[in-house]
Amino acid sequence: MTSPAEPTNLMESLVSLAKRRGFIYASSEIYGGLNGFFDYGPLGVELKRNIRDCWWRDMVHRRDDVVGIETSIIMHPKVWEASGHVAGFSDPLIDCKVSKQRYRADQLFFAPIVIDGKTVGYVSALESENTAGELHELAEQFKRKKAIQGTLSKIVGRLVWNDALFGESHVIAKDMTEAREDEIALIPSPATGEPGSLTPPRAFNMMFQTNVGAMSDASSVAYLRPETAQGMFVDFKNVVDTTRVKLPFGIAQIGKSFRNEITPRNFIFRSREFEQMEMEYFIHEDADWAKVHEEWIVWCETWLKSIGLPDSHLSRFTHPKEKLAFYSRGTVDIMFKYPFGVQELWGIAARGSYDLTQHANASGKPQELFDEASKKKFVPHVIEPAVGVDRIFLAVLAAGYAEEDVTDEKGNVEKRTVLRLSPRLAPVKVAVLPLLKNKELLTNRAKALYTKLRRNYAVQYDDGGAIGKRYRRQDEAGTPWCVTIDFDTIEKEGDTFTLRERDSMKQTRITEAELFALLAEHVY
RNA sequence: GCGGCUAUAGUUUAAUGGUAAAACCUCUGCCUUCCAAGCAGGUGUCGUCGGUUCGAUUCCGACUAGCCGCUCCA
């Protein structure tokens, strides 16, 4: 009998297992490692490849309406200007030197305290539903505390600002990206209420820069792509002109992307070099985008379950309208319950025609299709499911990892570590084990089966140590089945093997033909 | 990047101002008729660089990396 036991610290166990069994190593480990970069070991590279292959087969091969491409990692710098990444893909940050708090400059608001037309100080507050109101309240407190006589100018938000309405007796709340250097010294930290502890905002563009060509001057600056999506937009016309795609259709790509994250965290969850699987699904400008959006969300959820992620760990997060980028019509994230919390796994965004329009404007090349029905040109709209391979990898490990108490016939309880990976993803599909190492009849038959199986599947042959130990070794690698060549195989009729199933540890007898049928059914 | 904690074998952990120990893993051989058996062997620059000291894995500093917060959203 088996009973699940919750590992005391799942993340530590995962990192340890990943290292021990050769799934994931720290990059450049012998030099002390490099923050935010990882290497995939022999088992890891198989698992990762299987994730990619499953996605590619289901997304591209098994659909009529999606084609694949692979675009370069370094693209023309103007791509990133048009996409908004050069200007917008940065987070200006401000530190409070006293409280050690860190704020995003665009979320921290300030306003001068103006009494009878004279600035006597500043107030600050974090962005909220009523930022201007809070600031005004703070300004009034300041006035009372300092016992200053006079008329306090009302502090209002930029959106309600209108000269005709308010005139000069009001001041506008601004965010810290607009603060002058002399103002920053006078603005109090929201943590302490005292001025003088805030640092100027420091821009932090998350794109890695490099130079193309021999000269490294300003004209040669290029970027490592922070997402693969722009490749699909930039090649949109090429794909339309050279293939027979018809709306609605998608362009898919799997590839590495790079972001100079401020804080890589949680193992491979947020790293600086990562792999994305993105698909841009182009639809008519008049199409029911919300319906297509929902269809893709369901497709993604179904796919995640098909590779073995449990329903119980998946959820949806709909981005609130007011937090969306201005071009976005709606974004839904499929969330996964990681050991460190519920985090985004797959973002499905409805991006309108923003990207194609941006590139049409920046390049001067129209990115339009012709509508036969209305005889009009239009820019297609797009639905974008974007997911990280490494995040799926981690989700699959976290969901599949289990430590069980196994009781043997004598009543002894032992711990068994098992990775319940879907047969679709398992790095090794079958392990072929001769019951004993020193009996040639067994090893010869085992080797023959191994040679036959490995033509089609990733298989391992193992004759080291006792049979039970080999079973457990395969459990940790996530191998769904072991076949053991035993004395019944060579002495009894029928040429049958023992099939040992990973999750239940049950054993049945199976013929070679049945084994291949089993694999064909589950490994697809 | 800022603050707190941390760094000893592949993994998990000991001990120590006088050049390190155990278990597991791994490898070799023997043995082994189904769930980490046994026996005999093999495998180690105490994260890096400096400083204090006769002597540093141990004390100090810097760096690097990890964990936790701020931040982030593939």
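Proteins come first, then strands; the chains are lettered A, B, ... in the order of their sequence lines, and each starts at number 1.
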Nearest to the side chain of [X], which nucleotide is it out of [options]?
| X | options | result |
| --- | --- | --- |
| A:F274 | B:rC34, B:rG29, B:rA74 | B:rA74 |
| A:Y471 | B:rA74, B:rC35, B:rU33 | B:rC35 |
| A:Q507 | B:rA37, B:rG10, B:rC35 | B:rC35 |

Next item on the list: Would you please indicate yes or no on a ring centroid separation below 6.0 angstrom for A:F258 and A:Y223?
Entry: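 Ring centres of A:F258 and A:Y223 not closer than 6.0 Å.
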
Qualifying residues under salt bridge (charged side-chain N to carboxylate O under 4.0 Å, His left out), relative to [X], sequence neighbours excluded:
| X | value |
| --- | --- |
| A:E476 | A:R20, A:R21 |
| A:K469 | none |
| A:D475 | A:R416, A:R500 |
| A:R57 | none |

Check: Can you list every salt bridge (Lys or Arg N to Asp or Glu O under 4.0 Å) pair that touches residues 423-441 of chain A, not counting sequence neighbours?
Finding: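 For residues 423-441 of chain A: A:D58-A:R424.
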
Please write out each protein N/O paired with an N/O of nucleotides 24-26 of chain B under 3.5 Å, distance rounded to 0.1 Å.
residue: B:rU26; atom: OP1; partner: A:R473; partner atom: NH1; Å: 2.6

Margin query: I want to confirm an ordering. Mapping A:K439 and A:S16 to their closest nucleotides on RNA chain B, which one lands closer to the 5' end?
Written below: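 The residue whose closest nucleotide sits nearer the 5' end is A:S16.
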
Nucleotide N/O of nucleotides 45-48 of chain B paired with protein N/O under 3.5 Å:
none

Under 4.0 Å between any heavy atoms, over every strand shown, what does [X] touch: base, sugar-phosphate, or nothing? Just pick one.
| X | value |
| --- | --- |
| A:S28 | nothing |
| A:L345 | sugar-phosphate |
| A:D463 | nothing |
| A:F497 | nothing |
| A:E476 | base |

Check ring pair (Phe, Tyr, Trp, His ring centres under 6.0 Å) between [X] and all other residues, then give those that pass, not counting sequence neighbours.
| X | answer |
| --- | --- |
| A:F393 | A:Y40 |
| A:Y281 | A:W296 |
| A:F269 | A:Y338, A:F340 |

[atom1] of [X] versus [atom2] of [N]: gap in Å, rounded?
| X | N | atom1 | atom2 | answer |
| --- | --- | --- | --- | --- |
| A:N438 | B:rC31 | CG | P | 6 Å |
| A:F340 | B:rU71 | CZ | P | 17 Å |
| A:E227 | B:rC73 | CD | P | 12 Å |
| A:E12 | B:rU11 | CD | P | 13 Å |
| A:L435 | B:rU33 | CG | C1' | 5 Å |

Next item on the list: Would you please enumerate the stems RNA chain B participates in, each stem being three or more consecutive Watson-Crick or G-U wobble pairs with both distances under 3.5 Å?
Entry: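 The stems that RNA chain B takes part in, listed by first number, are B:1-7 with B:64-70, B:10-13 with B:21-24, B:26-30 with B:38-42, B:47-51 with B:59-63.
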
Margin query: Check the phosphate of B:rC30 against A:K437, side-chain N and O only, distance under 4.0 Å to OP1 or OP2. Yes or no?
Written below: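 Answer is no, no contact under 4.0 Å.
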
Next item on the list: Within residues 478-492 of chain A, find the residues that approach RNA chain B with a heavy atom at under 4.0 Å, and present them sorted by residue number.
Entry: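 Listed by number, they are A:T484, A:D486, A:F487.
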
